Amino acid sequence: MDYSKTVNLPTTDFPMKANLPAREPEILKKWMEMKIYDRIQESRKDAGLYILHDGPPYANGHIHIGHALNKILKDIIVKHKTMSGFRAPYVPGWDCHGLPIELNVTRELGDRAKDMPKTEIRKKCRSFADKYVRIQMDEFKRLGVFGDYENPYLTMSPLYESKIVDVFGKILKGGYIYRSKKPIYWCPNCVTALAEAEVEYGNHTSPSIYVKFKVDPSTAGIKGVDADNLHAVIWTTTPWTIPANLAVCFHPQFQYSVFKFGKEYYVLARGLATQMEEVVGSKIEGEFPLTREQIEKFRVYHPLINRESRVIFGDHVTLDAGTGIVHTAPGHGQEDYVIGIQYGLEVYCPVDDEGRFTDDYPDMKGVNVFDANDKVVDLLRKNGTLIQTSKIEHSYPHCWRCKKPLIFRATEQWFFKIDHDGLRRKAMSTVDTTEWIPVWGEARFRSMVETRPDWCLSRQRSWGVPIPSFRCSKCQKNMMSAESVEHFAGIAAEKGIDSWYTDDIGSLIPSGTRCQCGSEDFIKEYDILDVWFDSGVSHFVVLDSWKGHRWPADMYLEGSDQHRGWFQSSLWPALALRGSAPFKTVLTHGFVLDEEGKAMSKSLGNVVPPELLIKEYGADILRLWVSSEDYRNDLRIGTDMIRQIADSYRKIRNTFKFIMGNLSDFSEKDRVPYDKLSDLDKWVLHKLYHLSKKIIEHYEKHEFHLVYRSMLNFCAVELSSVYFDISKDILYVEPADSVKRRANQTVLSEALKSMVKLITPILAFTSEEIWQFIGMKNSVHEESYYRLDDSYDNPEVESRVEGLVDVKKDVLKAIEEARKEKKIKTSLETDVRIFVSDQKLRGQMMEMGDEIKRFFQVASVELAGEESSGLVKMDYSSVSVMKTSGNKCVRCWNYTPDIGTDPSHPELCPRCTGIINKIKA
RNA sequence: GGGCCUGUAGCUCAGAUGGUUAGAGCGUACGACUGAUAAUCGUAAGGUCGGUGGUUCGAUUCCACUCAGGCCCA
């Protein structure tokens, strides 16, 4: 007789092979048809609100793995909050304006771009951005990320654009906006400003000159030094910036001395003095160390122009080259500018748009700066302030378009004043009231806020939101008022932002506007706003105007680069207009690196595109990978790791499959009450109860890698290795409707119901697949976490069972020894003798009777009364094993000495004989 | 060059107010099973806790420096 037909083997069509790349799109389709996002929102319309406000990715190009990480993390939080009973809307956004898109478009257009009107270029930029918004949207959906894709926020939408102008106007009204000079890259040939991204570095030969700045003899006063011949010495490779020199900069910590060269006395950093011997062409004849106080007292004179050059101190001074004293022209260098601002120096720039000297430097008025190099050197030589000149070849910025060398030149820009009205102080205090994850984000953000300079808001570009300012055509003064901006915001809201370019100035400027000089004749200016301002006002736009939202958001979640980026660009406008931060919690994640921990780059060829992983493994594998790593640090990804994640996925999937297979004949009416369960059953429920609690806590603390870990361990150890392995002897062998088996199934059913929901925020697709498979009509994402009964918490059972588990480890080790010696093959054919010294445990084992055989999965267990010979001392007990003399029952596969006692079933053990007879009857 | 962060078995992660043999899962090897089967079960091997120096009776844990890597600035 084939007894395998009498055994309750698991039956399920739930496929072992997930085939996620094919299955996930089907699930997506179903979600789309049922409008899953809307359904969830609708079903929770009265629930507590939790808002994760999306930071907008930039709409050029396909998503990369970092986007996937960011969106999946957000989605896990949103799904967790949803499962916890909250209404957690999620409005995805896109950053649409800005240089990268404009560059893409103008590069595509080539030379045609030059003659094209701004409105045409803007149109092309708009459709470029639009294309990638669509692409990225599909890619995010494919990841299983839920959101209001019908109503995303786009920084280029008419509503959003007019909101930007509106917010800008209010900030202007608050007195935060001012106009000032700032040095930027400038191409004198193209007569245009350039952004860092447009700069190409290439070799260039420049003059290298050492110049003396005379120290006022009355401020010298150093014993042994001829006060009339004392000079501070600087080195530069841009002689043409000497006319714009306003200061000489020392390092606050370096040691400076006066060095005697013949009749001359030079102030130099000590570390560079010997190099100067070669430059000067003679030996140092004496050194006179200087204190900082002495240096501070010096008055130093400009070598060409009759004015003082201020003595200042800055950390940017280095000993790499030169003299340790830096020629400082705030209008022509980034560092010079920054230190100049600190010392209140003018951002002085005597150079015009074409790169020629202006009236400010009459000696060379109209001379191109590159031609001026030689002339400046001549002048210095003539007046005796030049020490040495030579040529140097070095890397120098060039224009990407015309390939000519660039200059750094101060131009008029619009700024956001960070220190107006105590704003920086307010920012510092919001840092305290915001929750930072990880905690060090607070210190990082604080130090950035503490030191950040004013925010330069203007860009000389086409693709963005125009700064609606005017210039008086008579006196050239700027005109922009809260009223004039408000006026334009109204027009923008009604007709779109492009009116700035298309409409006549008469309609754009409020009637009766008059310049201080009395003129009413204005012209439009065409600067646009920094795109960071666009995304920085997203909280005003979305949280104020989207249905069912509120200001501020509960959470901002981005990469740690946004401490300087979006978190700040969002904070400053919020503080200026509302006095508090737009976020309660700021969570940052690290960056995705390759398997060696190196940053991904095209040149290294180590980029892992998400679509490749999705195509090969599926989005759930990607989601599981995200959950498996501690995102607070940088994350790594590579083929080996993904393979490992796929293995873990299979373990989890198979666990579900096993449970479902064994529940095929179980329904709620078959449930067995808790007090009828075995210790082992209760132990699993106890473990499950705590797993559930722990996992929800991990989600709450945003520690998803611990969710992953707990879940995987539970599947592998508590369930697969311990519970399933032991209980197969009941599930398969006992009569289908026996209490023991139903008890087992009751536990499995509880496990299934709770676990599928616990993993839903992470395995968005697979949990849905399981949910549908067990016959549910709705989506698992509309559900809440399953609440396990508090009575499952049973520490007493836990300690009882775990005492046995420990002893079982000993038994398994002993069996393994015997197996190696080829004495036995399987644990089931083993007779075991055990001695445990713990009285309680021994009593417990005795009470178990035959159950203990099942627990240890052996043929027989004999409890020794004392530590006797033949027993081997192990970790928790003393054990001896030997091959049983019994035979194998063909039905239950257990070994017993009494096979075939019933002649009608010669191959069965008494237990199975009884069961067979019962089934037949 | 500066600020911040990271560095524990092949991989992903735990861990300890400094104190006996530093843990888990996965992977690997070997074995078992063939009634979770492109599954399942068992056992084992694997780490001078990035390196050096210091504080200490004692440091992987504290301090300094250093190396490798990351983000942001310059």
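Each chain gets a letter, A, B and so on, in the order its sequence line appears, and its residues count up from 1. Since this is a predicted model, take the numbers as computed values, not measurements.
- We find that CG of A:Asn19 is positioned 14 Å from P of B:A38, with the value rounded to whole Å.
- Side-chain contact of A:Asn744 with A:Glu734: a donor-acceptor pair under 3.5 Å is absent, judged by distance alone.
- Under the 6.0 Å cut-off for aromatic ring centres, A:Trp683 and A:Tyr723 do not qualify, their centroids lying 6.0 Å or more apart.
- Atom pair A:Lys17:NZ and B:U37:P shows a separation of 15 Å (rounding to whole Å applied).
- Rounded to whole Å, the distance from NZ on A:Lys651 to C1' on B:A39 is 9 Å.
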(request) Map every base of RNA chain B to its dot-bracket character, where paired means a Watson-Crick or G-U wobble contact with both distances under 3.5 Å and | marks a partner outside the strand. (result) (((((((..((((.....[...)))).(((((.......))))).....(((((..]....)))))))))))).
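- With hydrogens and angles ignored, a donor-acceptor pair closer than 3.5 Å exists between the side chain of A:Ser720 and the base of B:A36.
- At the heavy-atom level, A:Lys694 lies nowhere under 4.0 Å from the strands shown.
- Looking at heavy-atom distances under 4.0 Å, A:Val717 makes contact with sugar-phosphate atoms alone, never a base.
- Spacing of C1' atoms, B:U48 relative to B:U21, comes out at 15 Å, to the nearest Å.
- Of the residues A:Ile834, A:Val811, A:Asp806, the one that meets the side-chain contact (heavy atoms from CB on, under 4.5 Å) test with A:Ser877 is A:Ile834.
- Anti is the conformation of B:G15, whose glycosidic angle sits further than 90° from 0.
- The six-membered or imidazole ring of A:Phe445 lies near that of A:Trp436, with a centre-to-centre distance under 6.0 Å.
- Using a 4.0 Å cut-off, some side-chain N or O of A:Ser721 falls inside it from OP1 or OP2 of B:G42.
- Regarding A:Lys820, its NZ atom lies at a distance of 10 Å from the C1' atom of B:G42, rounded to whole Å.
- A:Thr830 and A:Tyr895 form no side-chain donor-acceptor contact under 3.5 Å, judged by distance and modelled atom types alone.
- Nucleic acid contact for A:Trp893: base, since at least one base atom lies under 4.0 Å from a heavy atom of the residue.
- For the residue pair A:Thr766 and A:Arg653, no side-chain donor N or O sits within less than 3.5 Å of a side-chain acceptor on the partner.
- In this structure, A:Glu829 contributes its side chain and A:Asn894 its backbone to no donor-acceptor pair below 3.5 Å.
- Using a 4.0 Å heavy-atom cutoff across all strands shown, A:Ala443 reaches no nucleic acid atom at all.
- A:Glu817 comes within 4.0 angstrom of no nucleic acid atom, judged by non-hydrogen atoms across all strands.
- Distance A:Met600 CE to B:G69 P: 16 Å, rounded to the nearest Å.
- Residue-level contact check: A:Gly590 touches neither bases nor backbone, having no heavy atom under 4.0 Å from any strand.
- Atom NE2 of A:His251 and atom C1' of B:A74 are 12 Å apart (whole Å).
- Summary of the strand contacts: A:Asp647 and A:Cys892 both lie near RNA chain B, and taking for each the nucleotide with the nearest heavy atom, the more 5' one is attributed to A:Asp647.
- No donor-acceptor pair under 3.5 Å is formed between the side chain of A:Asp530 and the backbone N or O of A:Leu457.
- Judged purely by atom type and a 3.5 angstrom limit, A:Arg891 has no side-chain atom pairing as donor or acceptor with the backbone of A:Cys912.
- Residues A:Thr241 and A:His327 have side chains that bring a donor and an acceptor to within less than 3.5 angstrom of each other.
- The side chain of A:Ser447 lies closest to B:G3 when the candidates are B:C73, B:G3, B:A44.
- Heavy atoms of A:Arg653 sit nowhere under 4.0 angstrom from any nucleic acid atom.
- For A:Lys888, taking side-chain heavy atoms from C-beta onward, the closest of the listed nucleotides B:C73, B:U37, B:U34 is B:U34.
- Applying the 6.0 Å contact sphere to CE of A:Met882 captures no more than 12 heavy atoms from other residues, nucleotides or ligands.
- Comparing A:Tyr3 and A:Cys715, the nucleotide of RNA chain B nearest to each residue sits closer to the 5' end for A:Tyr3.
- For A:Phe656 and A:Phe14, the ring centers sit 6.0 Å or farther from each other.
- As a whole-Å value, the separation of A:Tyr732 OH from B:G35 P is 10 Å.
- Contact annotation: A:Lys728 side-chain N/O to B:A36 OP1/OP2 distance is under 4.0 Å.
- Among the atoms of the strands shown, base atoms are found under 4.0 Å from some heavy atom of A:Val890.
- A straight line from CD of A:Glu829 to P of B:G42 spans 17 Å, rounded to a whole angstrom.
- For the P atoms, the distance from B:U8 to B:G15 is 14 Å, rounded to whole Å.
- Using a 4.0 Å heavy-atom distance criterion, A:Leu812 is classed as a sugar-phosphate-only contact.
- For A:Phe591 and B:G70, the ring-to-base geometry does not satisfy the stacking test (centroid distance below 5.5 Å, interplanar angle below 30°).
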(message) At under 4.0 Å between heavy atoms, how does the protein contact nucleotides 6-17 of chain B? Give one character per nucleotide, 5' to 3', with B, S or -.
(response) S----BBSS---
